[in-house]
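To start, the structure itself, in structure tokens.
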Amino acid sequence: MATPTLLDYLHQLHRQGISHIPITDHARQILRELYTRGSARRPHSSSPSHSKTPPTAIVSSGNTAQEKIASLAATAAGWAPFKKLQSLRDTLVFSAGNPSADLMIIGEAPGFHDEQKQQPFAGPAGEKLDQILKAMGLSRAQTYLSNISKFRPATKNQTTNNRPPSPEEMATSLPFLKEEISIVKPRVIIALGASAAHCLLNKTQKINELRNSWHQFQGIPLRISYHPSYLLRPDEELSEKRKVWEDMLAAMEKLKLPISEKQRNYFL
Ligand code: URA
């Protein structure tokens, strides 16, 4: 991934509606020198700040992981490319949990309950996820939970109904998720459900073909599993629960978490 430059950062501020920033005399002198050196090489093209392509990198600010995530969330809240889509709702649901966690879990998009509480995985699927984490010996506070989309996808006459994010919505959100991963630096990522899997892997196969092996995202081991909402269906078979559990066992092994005999045999 290309490293974001100072120019990327300034374009980002510009998109947030910030047209002036205070700088020191020393910084002004450096910028002047860079401008003078660069002007000989600069082609006569239109400014990238007027480019129609959404940016591929977002820059965070702050010292700690928590501050950096908070700065990203603040940027996402006013991010013009999201508003331009006109297909996402207005309430930001950014992430939850520990921004220095070893395990990062990525879902698809906030739904009705998540939007109400401004927390990812706040509804029934989240309760199922909590049960899974508990069975792994983990809590929400020990993991970092995020979604591909930072806003609930809108539908016509929407009440409690949800829809998965579109490819365009996911592509607009992905730079935020990439920066989150760079900040959190998890040792393992688990992507839940087809939308998250397809977006991260740029593939379209079924979950059944993508789970059961290790992938990589930004150099980090990535495991694909079914979405917890899949396990909420009343007729769900034990064998499907076991598949999800096997994905979690693989993640636990990778994280070198202790696994008891009882845990190994769940749903067998
Ligand atoms: N809630 C979330 O936050 N993400 C999902 O993928 C589903 C429900």
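Both counts, for ligands and for their atoms, begin at 1 and track the order of listing.
Contact check on Arg163 versus Glu169 returns a salt bridge, with a Lys/Arg side-chain nitrogen under 4.0 Å from an Asp/Glu carboxylate oxygen. Salt bridge absent: Glu246 and Arg264 never bring a charged side-chain N and a carboxylate O closer than 4.0 Å.
Counting only distance, with no hydrogens or angles, the side chain of Gln218 and the backbone of Lys178 share a donor-acceptor pair below 3.5 Å.
Cluster annotation: Phe267 is connected to Tyr226 through the hydrophobic network of ILVMFWY side chains, with a link wherever side-chain heavy atoms come within less than 4.5 Å.
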Decide yes or no on side-chain contact (heavy atoms from CB on, under 4.5 Å) for Phe82 and Ser173, but give the supporting numbers first. CA-CA 8 Å; Phe82 286 140; Ser173 306; 3.5 Å; yes
Give every pair formed by an N or O atom of ligand 1 and a protein N or O atom closer than 3.5 Å, one pair per line with both atom names and the distance to 0.1 Å, or write none.
| from | atom 1 | to | atom 2 | distance (Å) |
| --- | --- | --- | --- | --- |
| ligand 1 | 1 (N) | Asp114 | OD2 | 2.8 |
| ligand 1 | 3 (O) | Phe121 | N | 2.8 |
| ligand 1 | 3 (O) | Asn147 | ND2 | 2.8 |
| ligand 1 | 4 (N) | Ala109 | O | 3.2 |
| ligand 1 | 4 (N) | Asn147 | OD1 | 2.8 |
| ligand 1 | 6 (O) | Glu108 | N | 2.8 |
| ligand 1 | 6 (O) | His227 | NE2 | 2.8 |

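Annotation: the span from Asp114 atom CG to Lys117 atom NZ amounts to 9.0 Å, rounded to 0.5 Å.
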